[in-house]
*Asks:* 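Below are the structure tokens for one structure; questions will follow.
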Protein chains: 2
Amino acid sequence: MTEKRLYHTVANKLLELIDSGVFPPGSRLPGERDLAKRFGVSRVSIREAGIALQAQGRVEIKVGSGVYVLDRSSLPVYGLPKVGPFELTEARALFEGEAAALAAPMISDEDLVRLERLIEIMTGEVEDELGPVEADAEFHLTIARSTNNHAILFVIDSLWKMREEASQLQEVYETVCHKDHRDREDEHRLILEALKRRDSSAARIAMRAHFSRMIEALLVESEAQALREVQRKSSESRSRYTLSQQTE
Amino acid sequence: MTEKRLYHTVANKLLELIDSGVFPPGSRLPGERDLAKRFGVSRVSIREAGIALQAQGRVEIKVGSGVYVLDRSSLPVYGLPKVGPFELTEARALFEGEAAALAAPMISDEDLVRLERLIEIMTGEVEDELGPVEADAEFHLTIARSTNNHAILFVIDSLWKMREEASQLQEVYETVCHKDHRDREDEHRLILEALKRRDSSAARIAMRAHFSRMIEALLVESEAQALREVQRKSSESRSRYTLSQQTE
DNA sequence: GGTTTGAAATGTCCATACCAATTTAGAAAT
DNA sequence: ATTTCTAAATTGGTATGGACATTTCAAACC
């Protein structure tokens, strides 16, 4: 209990208050100056505690407003590596393929109808509070969940979070996904059909095909993007050149 | 690049310096006062950056000594789920099997001799700074690393950390591993042989066999453990009974 | 009623001074 | 020459006080 760093003990006391319900998720903590007086420490220590808690994903600090308690359940796994689109898709192809194969013999009927509905949401046939992107995530997570294996669920959840992490990566994904949304629908249906038949190896193949097509699309897209980049840079240097011509 | 919080930009700059090799893992970075002058900010901001980095597990701060760079792959990832031995081993069988299959065609000769050496360390033939347990970890991580896929490396690293997380789980593993250490050696050699031949499917099969045997052993062990638990509880309730007899 | 404005609250940052833990170097003893 | 001990230098930790930027919200205004 007797921590060495002051900010650490402050952070722990705050966590106790949060966990004991004094500061429920969503609520706002007292101001720095207030807390400093209450704990009998300086404002610096309070703020350091806040930074530490923020780094742990327990609170959110909004400048000029205050620090707000976050919901513990939605804590975003820190230490996720920065990965490129190809690495990520390759990993997903392998791991989600295996997850689907494992899930096939044991998936429940409820989950099967849930998958059906999620596909309809993605295609836009059905409106829902879930957006099409969230539905896509839920599709893959539902399959992972039906393996009844927390480690597998964690892995696939982490892979999805990596995708969300890098905004640049997300852009690439968006364009790829929306371009061939018809292909994606077909692939999702093939996966679902294999699961319905409780066919492990078909499920694995279908899932892999889904990601293989994605890698193909990524190749095309990254090529086009590289081309645009070249054009942008050359036009940039051209305008800089004309600019320097004018100023001299 | 222009973050809003000052300590955040400082932290990012430090991370760049660390990742670019200016401050390699294990090294000590300049003192607060030095860094403050260098970045043109106050000491508090430097320390706040340090706290943030520490919370992310990237550095270790020792009072009176300095802040030291930690090995990136060695620690972080909070929010690992608690998983049982069976779940974990099942997940490892699937995922590490695929990783081995992917690594087989592209693994370097240096990594192959490294794997050879690691097996020898595990069997005790060779002494090393690495213990046998660490060698086991390194064996699997080396294979994962040679896929050249950071996402895959992350997953397999995470799975190993889950094993280390729960002490109870570790006990079970220890007993299982040491009981049939001869089997384990053979299995590791089979994996290595498959990799040497660049045979993807053989590598996958060998890796899966390794974990399948583990699951078998776990079944036996958990049975024995369940038996012990029953005995413990019954003897406990018996002693409680005699105790309540005495006090009344 | 809707918009603008301005004061209060709040987080952010800095400079300085002092404290406590650690390391280092040099003197002293062997 | 080597070891041991002590004191100074170095380093991170904390406190204080002030200045600044952003946000919030209610009063004032059109």
Side-chain angles (χ1 to χ4, degrees), chain A residues 1-18 22-71 75-76, chain B residues 1-18 22-71 75-76:
Chain A
M1 197 59 210
T2 53
E3 312 291 342
K4 297 189 177 178
R5 311 282 160 286
L6 224 195
Y7 81 85
H8 205 283
T9 88
V10 173
N12 281 342
K13 284 185 181 178
L14 286 176
L15 278 183
E16 274 182 31
L17 292 176
I18 290 173
V22 180
F23 300 125
S27 67
R28 188 185 141 278
L29 267 54
E32 275 185 0
R33 296 164 176 82
D34 189 350
L35 287 175
K37 277 200 174 183
R38 230 185 270 196
F39 288 122
V41 300
S42 77
R43 297 217 327 270
V44 197
S45 302
I46 297 290
R47 201 148 69 82
E48 288 172 350
I51 290 172
L53 290 180
Q54 188 177 39
Q56 291 173 26
R58 298 299 307 263
V59 302
E60 182 189 5
I61 302 179
K62 299 171 99 169
V63 301
S65 175
V67 354
Y68 299 86
V69 180
L70 289 177
D71 193 348
L75 54 84
Chain B
M1 197 58 212
T2 52
E3 311 290 343
K4 297 191 174 176
R5 301 291 144 281
L6 189 54
Y7 81 85
H8 203 283
T9 88
V10 172
N12 281 342
K13 283 186 181 177
L14 286 176
L15 278 183
E16 272 183 34
L17 291 176
I18 290 174
V22 181
F23 300 124
S27 69
R28 181 186 150 280
L29 28 73
E32 284 186 353
R33 294 164 177 83
D34 189 351
L35 288 175
K37 276 199 173 183
R38 235 186 265 195
F39 288 123
V41 299
S42 78
R43 275 184 61 207
V44 257
S45 299
I46 297 289
R47 186 135 36 69
E48 285 170 355
I51 290 172
L53 292 181
Q54 188 178 40
Q56 290 173 28
R58 297 297 307 260
V59 301
E60 181 188 7
I61 302 179
K62 299 173 114 173
V63 186
S65 174
V67 349
Y68 298 85
V69 181
L70 290 177
D71 192 349
L75 228 149

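In the text below, chain A, chain B and the rest are named by the order of the sequence lines, each starting its count at 1.
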*Asks:* Could you tell me how far apart A:Leu29 (CG) and C:dT10 (C1') are, to the nearest whole angstrom?
*Replies:*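 My rounded result for the distance is 13 Å.
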*Asks:* Atom CG of B:Leu14 and atom OH of B:Tyr7: how far apart are they, to the nearest 0.5 Å?
*Replies:* 13.5 Å
*Asks:* Expressed as a whole number of angstroms, how long is the span from B:Ile61:CD1 to C:dA21:C1'?
*Replies:* 14 Å
*Asks:* Using whole Å, what does the distance between atom P of nucleotide D:dC25 and atom NZ of A:Lys62 come to?
*Replies:* 11 Å
*Asks:* Is there side-chain contact between B:Lys13 and B:Leu17, with heavy atoms separated by less than 4.5 Å?
*Replies:*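 No; the side chains remain at least 4.5 Å from each other.
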*Asks:* Would a 4.5 Å heavy-atom cut-off, applied to side chains only, mark B:Val44 and B:Arg47 as touching?
*Replies:* yes
*Asks:* Rounded to whole angstrom units, what separation is found between the CZ atom of A:Phe39 and the C1' atom of D:dG13?
*Replies:* 18 Å
*Asks:* Figure out the CD/P separation between A:Glu48 and D:dT14, and round it to whole Å.
*Replies:*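 Rounded to the whole Å, the gap is 6 Å.
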*Asks:* Name the residue from A:Val69, A:Ile18, A:Val67 that meets the side-chain contact (heavy atoms from CB on, under 4.5 Å) definition with A:Arg58.
*Replies:*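 That would be A:Ile18.
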*Asks:* Could you tell me the separation between the CD1 atom of A:Ile51 and the P atom of D:dT14, rounded to a whole number of Å?
*Replies:*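 Rounding to the nearest Å, CD1 of A:Ile51 and P of D:dT14 are 13 Å apart.
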*Asks:* Less than 4.5 Å apart, side chain to side chain, heavy atoms only: is that true for A:Thr9 and A:Asn12?
*Replies:* no
*Asks:* Provide, to the nearest angstrom, the distance between the CG atom belonging to A:Leu35 and the P atom belonging to C:dT12.
*Replies:* 13 Å
*Asks:* Does any non-hydrogen side-chain atom of B:Val59 lie less than 4.5 Å from one of B:Tyr68?
*Replies:* no
*Asks:* Reading nucleotides 14-20 of chain C from the 5' end, what letters show protein touch, with B for base, S for backbone sugar-phosphate only, - for no heavy atom under 4.0 Å?
*Replies:* B--B---
*Asks:* Take the protein atom CD1 of B:Ile46 and the nucleotide atom P of D:dG12, then report the distance between them rounded to whole Å.
*Replies:* 10 Å
